[in-house]
Amino acid sequence: MATKKSAAVATANDETITVPRPRLHRLTVKNFRAIGSEPVTLELDDIVVLVGPNNSGKSSILRAYEVVMLHGSKDGKLTQEDFPNAVISAESPIEIELETVVYDAKAPGEKWIRRDEATGDMFVREKWTWVTHGDPKKVGWDVAAGGWHEKEGPWGAAGVAQPARPEPHRIQAFDSPEKQADEVVKLLKNVLNERIKGLQSAEQIEGEEKNDYQKLITSIQDFQKRAVADANEEIKKVETELNSLVGKVFPGQEIRFDARPDGDVESALNFFKEAPQLLMGPKGGYQPSIDRQGSGARRTLLWAALRLLAEQSRVKKDSNSTRPHVLLMDEPELCLHPNAVREACRVLYDLPKSGKWQVIVTTHSPVFIDFSRDNTSIVRVERNNDGKSFGTTIYRPTKAHLSEDEREHLKLLNLCDPYVAEFFFGGRTIIVEGDTEYAAFQYVIQMEPEKFKDLHVVRARGKATIRSLCKVLNQFEKPYAVLHDSDRPEVIKKGKPSVNPAWTTNQNIREVIAAEIQAGKVTLIASVPNFEEAYFGEEVKSDKPFSAWQKVKADKTAYDKVMQLLLALSGQSTELPAGALAWNTLDDLKNAVIGNDVDGN
C-alpha cells in the first residue's frame with residue numbers, strides 16, 4: 001500500500017513538480033500499402049489532421065503506427081496486401097520509422113539519445129523493417145555513430161519499450177458495431193482504472209482516516225493473516241511429512257511453506273473481471289447494449305467517452321499512469337448530426353489538454369480544421385501520377401506567427417463559415433473580402449464549371465482578416481490569389497474628411513505577401529474603389545450578395561467583366577477588366593482611385 005508520495009507523481013498542489021510524459025515527434029512510412037519508395041513523413045503535433053482525396057493513403061498512415069505498436073499480436077500482423085502492389089520483395093521492404101520524445105535517458109541508454117539544445121527535449125529514433133511476413137527487424141539510431149545500428153535498438157525487449165510510446169486507440173470509419181462498442185467500453189474502463197491507480201498512489205497522512213482503497217487492502221491483509229493462523233496446524237503437519245520424505249534424498253535440507261500474508265496484495269487484485277456492458281434505451285424501458293444502436297448513436301457515445309476521459313485526465317493530474325495515449329481515427333464526421341459535428345471537433349481539440357493524449361485523424365470535412373489553435377498541424381496526403389502517395393505538411397501554427405487578434409479573427413471566421421478551411425483539401429484558392437464577390441463568382445463558376453474545376457473562393461468576411469488567411473496560405477507553397485476593395489484614402493465624418501482605416505489595411509495585406517508576389521506565387525488585385533462600382537458601375541447599399549447575383553445573371557457586360565476577373569485570379573489569363581488593378585504601392589492605388597472618381601464625375 002502506498003504510504004508516501006512517489007517522487008514521480010505530482011499532485012494538483014505541487015506547482016513546482018511536473019510530470020513530463022513521452023510523446024510522438026515524427027512518423028515516417030515507406031513501401032506500405034499505397035505509400036511507395038518516396039517516404040511520407042509526419043511532424044507530429046498535439047493534433048494532426050490528415051486531408052486529401054479518397055484512396056490517397058491517409059488511413060495507411062494511421063495503420064502504420066498501429067502496426068509497429070502491436071506487432072507480434074493478431075492486430076499487428078501484416079498481410080501480402082500491405083506490401084507495395086501486393087508484391088513481397090526484398091528490394092522494397094516496408095519501413096516504418098518512429099521518433100519519440102523521452103524523459104528518462106537511462107532507460108533507452110545514452111547512445112540512443114539525441115538532445116535538442118534549444119528545447120532540452122530528448123529524442124529516440126527507431127526503425128522497423130519487414131522484408132516478408134512475420135516479425136520485423138527493429139534497430140535504433142546510434143547517435144554517437146551517426147547512423148542506424150546493424151542489430152540493436154533502444155530498450156531491448158518490446159515489453160520494456162512499449163510504455164515509452166503512446167498507446168494506440170484506433171477507430172476506423174466502418175468498424176463493426178461490436179468493435180465500436182468495445183472501443184467505448186474500453187475507454188470507460190480506462191476512467192475506472194485511472195481512478196483506482198489514483199487511490200493506490202494516494203499518500204497515507206499520519207493521523208488522517210484511510211481512504212476506501214487503503215481500508216480494503218488493510219482488511220484483506222488482516223483476513224490473510226487470520227486464515228494463515230487458522231491453518232497453521234495443518235500446514236505444520238504437511239511440512240513435517242514433506243521434510244521426512246525429502247530429507248532422505250537431500251540430508252540437512254528443510255522445506256518451509258511461506259503463505260506471505262504480508263506480500264503485495266495490490267498486484268493480485270482484479271476489480272473488474274467480468275466484462276462490463278454499456279446499455280442505452282428509454283428511461284424505465286428496455287435498454288439493449290450499444291452494439292445494437294444506430295451508427296450515429298454509437299459514434300456519439302464514443303465522443304461522450306472521449307470527453308469524459310479528457311476531463312477526468314485534467315482533474316486527476318496526480319495520476320501515476322505515465323503512459324500516454326494516441327487516438328487514431330478515420331473520418332470523425334461520419335454518421336453525426338450537424339449539431340454534433342462541432343461538438344465532436346471541440347472534443348478532439350480538447351483531448352490533448354490533459355497532457356496524456358495526441359490525436360491523428362483523417363477527415364473530408366473542413367469543419368474539423370481549426371487553424372486558430374496553436375497545437376494543430378495539417379498534412380495533405382495525395383497520390384502522384386504513378387499512384388504513389390506522398391504527404392506535405394501544409395500548415396503548422398508556429399510558422400504562421402499569428403497575433404492574438406488574428407487568431408480571434410480566424411476563430412470568428414470559423415464560427416461564421418464552417419467551410420472556410422476547404423482550401424486545405426487542395427485546388428487553387430482565391431481570397432475575397434465578402435459575400436458580394438463570392439456570390440458573383442459562384443454564379444460564373446456554376447455557369448462555367450469546366451473552366452473553374454477545383455477552385456475555392458474563400459470569404460474573409462472583412463478586410464483585416466485577409467491578412468490572417470494569407471499567413472496561413474503562405475505555408476502551402478502553392479499559388480493563390482487575393483481580391484480586395486481599394487476603398488478610398490479618406491472618408492467624410494461629421495462633414496469633415498478623415499483618414500479611412502480600410503486604406504491602411506491595403507498596405508498591411510501587401511506586406512504579408514510581398515515575398516510571395518515577388519516569387520510569382522500570389523496574385524494581388526484590387527477592385528477600384530470597390531467591387532460593385534468597379535464592375536457594375538454603381539454602388540449598392542443593401543442586399544449586396546443578392547444584387548450581385550442578379551446583376552451578373554441579367555447583365556452580359558457585368559458577366560463578362562466578372563468572368564475576365566475570375567480568369568485572371570485563377571491564373572488562366574493576365575488580362576484584367578476595367579476597374580481591376582494589380583498594384584505595387586499605395587500611390588498606385590491612390591492614383592487609380594483619383595482617376596476613377598474623376599472619370600465617374
Side-chain angles (χ1 to χ4, degrees), residues 22-45 47-89 92-101 123-141 148 153 158 161-162 164-173 175 324-331 358-363 377-383 387-393:
R23 68 177 187 273
L24 301 181
H25 179 250
R26 183 180 290 112
L27 175 68
T28 301
V29 185
K30 180 179 178 182
N31 291 325
F32 181 66
R33 296 187 174 183
I35 301 170
S37 56
E38 192 68 30
V40 173
T41 298
L42 300 187
E43 298 285 342
L44 294 161
D45 217 324
I47 302 218
V48 176
V49 181
L50 303 178
V51 300
N54 290 322
N55 295 321
S56 59
K58 300 185 297 296
S59 296
S60 296
I61 294 171
L62 302 189
R63 175 60 179 158
Y65 180 70
E66 189 180 35
V67 164
V68 299
M69 290 303 299
L70 301 177
H71 77 268
S73 69
K74 178 183 176 182
D75 292 332
K77 290 188 180 299
L78 297 182
T79 68
Q80 185 161 335
E81 297 298 321
D82 291 319
F83 289 81
N85 301 316
V87 176
I88 299 175
S89 170
S92 301
I94 293 174
E95 294 182 5
I96 301 175
E97 295 180 24
L98 188 65
E99 190 168 60
T100 310
V101 178
F123 300 91
V124 170
R125 189 175 170 191
E126 303 166 90
K127 179 169 71 173
W128 290 260
T129 303
W130 288 262
V131 294
T132 184
H133 299 296
D135 291 333
K137 176 184 178 182
K138 186 179 86 71
V139 297
W141 182 269
W148 293 108
Q162 295 297 62
R165 311 186 196 105
E167 179 182 356
H169 300 269
R170 179 79 189 280
I171 302 171
Q172 300 187 67
D175 279 335
H325 308 269
V326 59
L327 176 65
L328 309 170
M329 191 167 191
D330 282 297
E331 302 182 39
Q358 287 178 281
V359 175
I360 308 176
V361 297
T362 73
T363 185
S377 292
I378 313 297
V379 176
R380 187 161 59 227
V381 184
E382 301 173 275
R383 282 195 179 190
K388 302 300 182 184
S389 295
F390 63 95
T392 306
T393 300

K.L.:
How many angstroms lie between atom NZ of K127 and atom CD1 of I96, to the nearest 0.5 angstrom?
P.N.:
12.0 Å
K.L.:
Which distance, rounded to the nearest 0.5 Å, do you find between the CG of L42 and the CD1 of I61?
P.N.:
5.0 Å
K.L.:
Could you check whether any side-chain heavy atom of Q358 comes within less than 4.5 Å of a side-chain heavy atom of P166, counting everything from C-beta outward?
P.N.:
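Yes - at least one pair of side-chain heavy atoms lies under 4.5 Å apart.
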K.L.:
Going by salt bridge (charged side-chain N to carboxylate O under 4.0 Å, His left out), name the residues that satisfy it together with R170, two or more places apart in sequence or in a different chain.
P.N.:
E66, D330
K.L.:
From E126 CD over to K138 NZ, what is the distance, rounded to the nearest 0.5 angstrom?
P.N.:
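Answer for the CD-NZ pair, E126 versus K138, is 4.5 Å.
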K.L.:
Hey, could you give me the NE2/CE distance between H169 and M69, rounded to the nearest 0.5 Å?
P.N.:
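H169 atom NE2 to M69 atom CE measures 10.0 Å (nearest 0.5 Å).
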K.L.:
Should E97 and R125 count as an ion pair when the cut-off is N to O under 4.0 Å?
P.N.:
yes
K.L.:
Looking at L44 and I360, what are the two nearest heavy atoms and their distance?
P.N.:
CD2-CD1, 3.6 Å
K.L.:
Nearest 0.5 Å, what's the CG-OG1 distance between D135 and T132?
P.N.:
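OG1 of T132 is found 11.5 Å from CG of D135.
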K.L.:
Would you find a donor on one side and an acceptor on the other, under 3.5 Å apart, between the side chain of K58 and the backbone of P53?
P.N.:
yes
K.L.:
If we only count heavy atoms from C-beta on, is the S37 to N31 side-chain gap below 4.5 Å?
P.N.:
yes
K.L.:
Is the F83 ring parallel, tilted or perpendicular to the H133 ring (thresholds 30°, 60°)?
P.N.:
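F83 vs H133 ring planes: perpendicular.
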K.L.:
Please list, chain by chain and in numerical order, all residues satisfying ring-ring contact (aromatic ring centres under 6.0 Å, His included) with W141, sequence neighbours excluded.
P.N.:
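Applying ring-ring contact (aromatic ring centres under 6.0 Å, His included) to W141 gives W148.
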K.L.:
Do T41 and R26 come within less than 4.5 Å of each other through their side chains, counting heavy atoms only?
P.N.:
yes
K.L.:
Do W128 and L98 have side chains that get closer than 4.5 Å, going by heavy atoms?
P.N.:
yes
K.L.:
Could you give the distance from CH2 (W130) to CG (L78), rounded to the nearest 0.5 Å?
P.N.:
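Separation between the atoms: 5.5 Å.
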K.L.:
Quick one: list whatever passes salt bridge (charged side-chain N to carboxylate O under 4.0 Å, His left out) with E331, sequence neighbours left out.
P.N.:
none
K.L.:
Taking only residues two or more places apart in sequence, or in another chain, which ones meet S89 in a side-chain hydrogen bond (donor to acceptor under 3.5 Å, both in side chains)?
P.N.:
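If we apply the side-chain hydrogen bond (donor to acceptor under 3.5 Å, both in side chains) test to S89, skipping adjacent residues, the hits are E91.
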K.L.:
Report yes or no: does S56 contribute a side-chain atom to a donor-acceptor pair with the main-chain N or O of V381 at less than 3.5 Å?
P.N.:
yes
K.L.:
Heavy atoms only: give me the nearest S60-A34 pair and the separation to one decimal.
P.N.:
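Closest pair (atom of S60, atom of A34, distance): OG-N, 4.3 Å.
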K.L.:
Answer whether the closest heavy-atom distance between the side chains of T100 and F123 falls below 4.5 Å.
P.N.:
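A side-chain contact is absent here, since even the closest heavy-atom pair is not under 4.5 Å.
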K.L.:
With side chain to side chain contact (heavy atoms under 4.5 Å, CB included) as the criterion, how do Q80 and I88 come out once you've worked through the C-alpha distance, each side chain's angles and the decisive distance to 0.1 Å?
P.N.:
CA-CA 7 Å; Q80 185 161 335; I88 299 175; 4.3 Å; yes
K.L.:
Nearest heavy-atom pair of P168 and Y65: which atoms, and what distance?
P.N.:
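Shortest heavy-atom contact: CB-CE2, 4.0 Å.
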K.L.:
What residues, two or more places apart in sequence or in another chain, satisfy salt bridge (charged side-chain N to carboxylate O under 4.0 Å, His left out) together with E95?
P.N.:
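Testing E95 for salt bridge (charged side-chain N to carboxylate O under 4.0 Å, His left out), a comparison that skips the adjacent residues, returns none.
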